[in-house]
Number of protein chains: 2
Amino acid sequence: MTHKDRQRERFEQQCREQGMKLTPQRLIIYDALIDADEHPTVDMIYARVRQTFPTISLDTVHRTLVTFCEMGVASMVEGTGSPKRFEGNLELHHHARCVQCGKIVDFYHQDYDNLTAPPDIQQEFSILKKTVHIEGICSTCRQIQQQDSSCS
Amino acid sequence: MTHKDRQRERFEQQCREQGMKLTPQRLIIYDALIDADEHPTVDMIYARVRQTFPTISLDTVHRTLVTFCEMGVASMVEGTGSPKRFEGNLELHHHARCVQCGKIVDFYHQDYDNLTAPPDIQQEFSILKKTVHIEGICSTCRQIQQQDSSCS
DNA sequence: TTGTTTGCAAATACTTTGCATATGC
DNA sequence: GCATATGCAAAGTATTTGCAAACAA
């Protein structure tokens with residue numbers, strides 16, 4: 001049994017646990033996603049999946065991928081599809097982002113400022129910047145969550 | 001002279017060096033950007049700038065901000081406005097991204113897997129993930145650049 | 001004066017929404 | 001059978017492009 005078979009099995013199990021239906025669309029989209037090694041866009045997955053499932057809609061691919069992220073079986077890399085955001089702060093700093101509300105907090109941390117990149121990356125890239133990205137849930141969103149759960 | 005005054009002066013100098021014209025729009029957009037501490041979107045900058053410069057167009061704000069990024073006086077934080085991209089790789093890994101072609105390479109590096117977040121961030125966020133993002137120019141894009149410059 | 005920049009308008013790309021139909025459980 | 005998921009179409013949002021007029025150097 002290959003690593004991908006195991007991944008697929010875990011996926012099916014997680015669907016059942018979370019009460020998500022195991023539709024052929026979901027299975028085939030999941031397969032396409034874990035077979036891809038290039039961080040695909042919706043369109044890329046759509047193109048691939050249509051070869052074996054020509055009637056699938058772009059829309060379903062899009063919604064299914066977002067669902068996967070919400071389930072925690074996939075994740076989004078930049079970009080997130082949301083509008084561009086800018087910053088004028090050129091000093092070396094790092095980011096903490098709230099996955100709930102999208103707020104990004106800058107922070108400074110000496111320990112992170114001199115990380116060494118692995119040799120293969122140093123060879124492949126002319127490195128311009130190394131930053132640490134922290135993802136989490138901010139205190140404001142945490143409070144909202146607690147209120148919600150206490151109301152139910 | 002404040003820190004922001006110095007930043008503004010450096011900006012004007014860089015414009016002159018790079019042959020960029022110092023238009024009132026650029027100056028006011030730059031000011032709005034460095035005054036903002038919330039990683040603003042195009043719309044946010046537009047709204048702010050219009051208060052003192054009502055005839056400015058959203059379009060100019062957008063193009064100017066992108067120009068700033070190209071000049072290196074500003075940068076883009078996620079999202080980048082580009083379409084969503086997904087990955088099914090759930091193992092702890094890190095990303096190296098080419099700023100030229102947008103390619104994202106996954107890599108594994110033990111040294112990065114157990115970074116400690118600074119106390120204030122630990123307090124503000126329930127941390128879910130800590131990853132290192134490396135930005136640079138990949139070998140393919142580097143070759144293209146060299147070809148371009150040798151043709152001129 | 002000259003080439004860059006701006007503002008406008010239209011076009012495009014991507015995502016989201018609403019709803020009827022289909023389907024997994 | 002029932003709730004969820006899908007496919008379609010339309011609407012919404014963000015970004016990009018082309019071009020004439022305005023402007024910094």
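In what follows, chains are A, B, ... by sequence order, proteins preceding strands, each numbered from 1.
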Within less than 4.0 Å of OP1 or OP2 of D/dG7, is there a side-chain N or O belonging to A/Ser57? yes
Classify A/Arg63 by what it touches in the nucleic acid, base, sugar-phosphate, or nothing, heavy-atom distance under 4.0 Å. base
If I take atom CD1 in residue B/Ile29 and atom C1' in nucleotide C/dG7, what distance separates them, rounded to the nearest angstrom? 12 Å
Compare side-chain N and O positions of A/Lys84 against OP1 and OP2 of D/dT16 and report whether any pair is under 4.0 Å apart. yes
Provide, to the nearest angstrom, the distance between the CE atom belonging to A/Met76 and the P atom belonging to C/dT15. 9 Å
Decide yes or no for A/Thr131 and A/Tyr112: does some side-chain heavy atom of the first lie under 4.5 Å from some side-chain heavy atom of the second? no
Interatomic distance, B/Arg85 CZ vs C/dT15 P [rounded to whole Å]: 12 Å
5' priority, DNA chain C, between B/Thr55 and B/Lys21 [closest heavy atom]: B/Lys21
Can you tell me how far P of C/dG24 sits from CD of A/Glu12, to the nearest Å? 14 Å
Rounded to the Å, how far apart are B/Leu65 CG and C/dT6 P? 11 Å
Hey, does the side chain of B/Gln25 come within less than 4.0 Å of D/dC23's phosphate (OP1/OP2), counting only N and O? no
Between C1' of C/dT6 and CZ of B/Phe53, the distance in whole Å: 9 Å
Would you kindly give the CG-to-P distance between B/Leu58 and C/dT5, to the nearest whole Å? 19 Å
Could you tell me if the side chain of A/Met71 sits less than 4.5 Å from the side chain of A/Cys15, heavy atoms only? yes
Hey, does B/Ile56 reach any base, or is it just sugar-phosphate, or nothing, if we go heavy atoms under 4.0 Å? sugar-phosphate
Residue whose nearest DNA chain C nucleotide is more 5′ - B/Thr64 or A/Met20: B/Thr64
Compare all side-chain heavy atoms of B/His62 with those of A/Lys84 and state whether any distance is below 4.5 angstrom. yes
Atom CG of A/Leu22 and atom P of C/dC25 are separated, to the nearest Å, by 5 Å
With respect to the phosphate group of D/dT6, does any side-chain polar atom (N or O) of A/Thr23 fall under 4.0 Å of OP1 or OP2? yes
Please tell me whether B/Ser139 and A/Glu124 have a donor and an acceptor in their side chains that are separated by less than 3.5 angstrom. yes
Taking the side chain of A/Asp59 as heavy atoms from C-beta outward, which of C/dG18, D/dA24, C/dT6 is closest to it? C/dG18
Hey, are B/His94 and B/Asp113 close enough side-chain-wise for a donor-acceptor pair under 3.5 Å? yes
Quick one: is C/dC14 close enough that its OP1 or OP2 comes under 4.0 Å of any side-chain N or O from A/His62? no
